[in-house]
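The residues of the chain are indexed from 1 along the displayed sequence.
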Amino acid sequence: MTAPPSVGVVIATRGRRPKSLRAATLAAVRQDYPGAVQVVVVADGGHELVVTVAGQLAGIVSETGADLRVLPNGGRPGLPGARNTGIAALHTDLVAFCDDDDEWLPGKLAAQAAALAARPAAEFASCGIEVEYGTRRTVRLAGTDTITPAHLMRSRMVMVHSSTFVFRREAALRVDESAPGGQNEDWDFALRAAKRHPIAHVDRPLVRVRWGVSDYIAQWADRIAGLQWMLARHTELAVDPRGAARIYGQLAFAHAALGHRREACRWALRASAARLAEPRAALALIVAAGLVSAHTVLHRLHSLGRGI
C-alpha cells in the first residue's frame with residue numbers, strides 16, 4: 001500500500017487575531033487525514049512577533065501532538081512573502097494554505113488529497129467554502145469539479161479561495177511577492193496554476209471563510225493597484241466581456257469609495273461598455289454620487305455571501 005502524501009500547512013499571521021489563529025491551527029492539526037501533517041505558522045514580523053505568536057499557540061503541541069513550528073517571515077514583508085517562507089520551510093508532498101481568520105472543516109484535506117490522487121496530472125486542488133459574515137453563513141460552490149483558466153478569467157471564483165489551496169510541492173509554485181499590498185496574489189497564484197493544469201475542485205463546503213475581519217477588506221488604494229497589476233500580468237483578463245466588466249466595475253467602485261468621482265465614472269462607463277448589465281458600474285455611480293456609502297453596499301453584499 002502506498003502511504004498517503006504528507007501535507008504541509010502554511011498559516012501566515014500578524015498576530016492580531018489570536019483567537020482566530022488558534023482556531024485555524026487547531027482545525028488544521030485535527031484533520032482526520034491518514035498521512036503526516038506539518039503546520040508552519042509564519043509570523044509576518046520580527047523576533048518579538050514570533051515570540052508573541054508562539055505564546056498564542058501555547059499548549060497545542062502538548063494537547064494534540066502536532067508537528068507545529070512558528071517561523072519569522074524571511075521574504076518581503078506581507079502575506080505573499082510569509083507564504084513563500086512557509087513553502088520553503090516544508091519538505092512535504094503537498095502544501096496547503098489557510099488564512100489565520102479562516103477554519104478548515106472536517107474531511108477537507110482527505111477530500112482534496114483524494115481529488116489529486118484521482119487526477120495524476122493535476123497539481124492543484126480547491127474546494128467549496130462556507131462564508132461567515134456576522135451570524136450568517138452562506139455556502140458558495142463552483143458547480144463543477146474542474147476549474148480552468150477560463151473560469152478564473154470570467155469570474156474571480158470566490159470559492160477558489162487561498163484557504164482552500166492544496167498543491168503538489170514538486171510543482172514549484174510560489175506566490176508573487178510583487179503583488180501591491182498583497183492584493184490578488186491568491187487569484188494570480190490560482191490562475192497561473194490553472195494555466196499549467198486544470199484545478200481539481202471538490203465542490204463541497206470544506207472551509208469556513210470569515211468575512212469582516214480581514215486586513216485587506218477595505219484598503220481601496222491597494223485594491224485598485226492590485227486589479228491594475230492583474231490586468232498588466234494577465235492581459236487575457238480584458239478579453240472576456242463579462243470578466244473585463246467585472247474588473248472595471250470593481251475599479252469604479254474602489255475609486256468611488258475613495259471619493260474619486262471622475263475616475264469612478266470613467267471606469268463605470270468602461271464597465272458598461274464591456275457589459276451593459278454589469279451591476280458594479282451602477283453601484284459605483286450610486287456611491288460616487290453620495291447616495292449610499294461603500295460600507296453600506298459591502299455590508300449588504302457580505303450578508304448575502306457576496307463581494308463587490
Side chain [X], main chain [Y], donor-acceptor under 3.5 Å:
| X | Y | answer |
| --- | --- | --- |
| Thr138 | Val131 | no |
| Arg140 | Met159 | no |
| Arg280 | Ile308 | yes |
| Asp32 | Gly107 | yes |
| Thr85 | Gly75 | yes |
| Glu236 | Ala150 | no |
| Trp104 | Leu26 | no |
| Asp240 | Met153 | no |

Would you please test Ser126 and Ile147 for side-chain contact (heavy atoms from CB on, under 4.5 Å) and show each step? CA-CA 9 Å; Ser126 57; Ile147 305 293; 4.2 Å; yes
Rounded distance (nearest 0.5 Å) linking atom [atom1] of [X] with atom [atom2] of [Y]:
| X | Y | atom1 | atom2 | value |
| --- | --- | --- | --- | --- |
| Leu105 | Leu109 | CG | CG | 11.5 Å |
| Met230 | Leu191 | CE | CG | 5.5 Å |
| Arg76 | Asp176 | CZ | CG | 8.5 Å |

Measuring only between side-chain heavy atoms, which start at C-beta, is [X] closer than 4.5 Å to [Y]?
| X | Y | result |
| --- | --- | --- |
| Arg246 | Arg156 | yes |
| Trp211 | Asp102 | no |
| Ile129 | Arg208 | no |
| Leu79 | Val175 | no |
| Asp99 | His161 | yes |
| Arg69 | Val39 | no |
| Arg306 | Val158 | no |
| Leu21 | Arg16 | no |

Crowded around Arg233 CZ? As in, over 12 foreign heavy atoms under 6.0 Å?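 Yes, enclosed.
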Step through the shown structure and confirm whether more than 12 heavy atoms of other residues, nucleotides or ligands are within 6.0 Å of CZ on Arg174.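 Counting other residues, nucleotides and ligands, CZ of Arg174 exceeds 12 neighbours.
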His234: partners by side chain to side chain donor-acceptor pair (under 3.5 Å), with sequence neighbours left out: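 If we apply the side chain to side chain donor-acceptor pair (under 3.5 Å) test to His234, skipping adjacent residues, the hits are Asp188, Lys195.
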Under the rule for side chain to side chain donor-acceptor pair (under 3.5 Å), what residues qualify as partners of Gln38, not counting sequence neighbours?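 By the side chain to side chain donor-acceptor pair (under 3.5 Å) rule, Gln38 matches no residue at all.
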Report, one line per pair, each donor and acceptor closer than 3.5 Å where one atom sits in a side chain of residues 48-60; sequence neighbours left out.
from: Thr52; atom 1: OG1; to: Glu48; atom 2: O; distance (Å): 3.1
from: Gln56; atom 1: NE2; to: Gly15; atom 2: O; distance (Å): 3.0

Check for me whether the distance between the ring centres of Phe253 and Trp220 falls short of 6.0 Å.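 Close enough - the centres of the two rings lie under 6.0 Å apart.
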Residues clustered with Val139, ILVMFWY side-chain links under 4.5 angstrom: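 Listed partners: Leu141.
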In the hydrophobic clustering (ILVMFWY, side-chain contacts below 4.5 Å, transitive), which residues join Leu206, or is it alone?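 Answer for Leu206: Val202.
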Tyr133 six-ring centre to Arg210 NZ/CZ under 6.0 Å and within 45° of normal: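 Negative - Arg210 is either too far from the ring of Tyr133 or too far off its axis.
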Using every non-hydrogen atom in the two residues, find where Val160 and Phe165 come nearest and quote the distance to one decimal.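 Taking Val160 first and Phe165 second, the nearest heavy atoms are O-CE1, 3.6 Å.
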Would you please test Asp44 and Thr13 for side-chain contact (heavy atoms from CB on, under 4.5 Å) and show each step? CA-CA 6 Å; Asp44 186 21; Thr13 186; over 6 Å; no
Indicate, with yes or no, if Leu285 and Leu283 share a hydrophobic cluster defined by side-chain heavy-atom contacts under 4.5 Å among Ile, Leu, Val, Met, Phe, Trp and Tyr.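 Leu283 does not cluster with Leu285.
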For residues 289-298, which side-chain N or O atoms pair as donor and acceptor with protein atoms under 3.5 Å away, sequence neighbours left out?
from: Ser293; atom 1: OG; to: Thr296; atom 2: N; distance (Å): 3.1
from: Ser293; atom 1: OG; to: Thr296; atom 2: OG1; distance (Å): 2.8

Does a side chain donor of either Thr144 or Asp203 reach within less than 3.5 Å of an acceptor in the other side chain?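 Checked: Thr144/Asp203 side chains show no N/O donor-acceptor pair below 3.5 Å.
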Without hydrogens or angle criteria, can the side chains of Ser20 and Asp101 be said to hold a donor-acceptor pair below 3.5 Å?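 Not at all, the side chains of Ser20 and Asp101 share no donor-acceptor pair under 3.5 Å.
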Candidate pair Leu304 and Arg136, rule side-chain contact (heavy atoms from CB on, under 4.5 Å), full reasoning: CA-CA 8 Å; Leu304 299 173; Arg136 187 164 184 166; 4.2 Å; yes
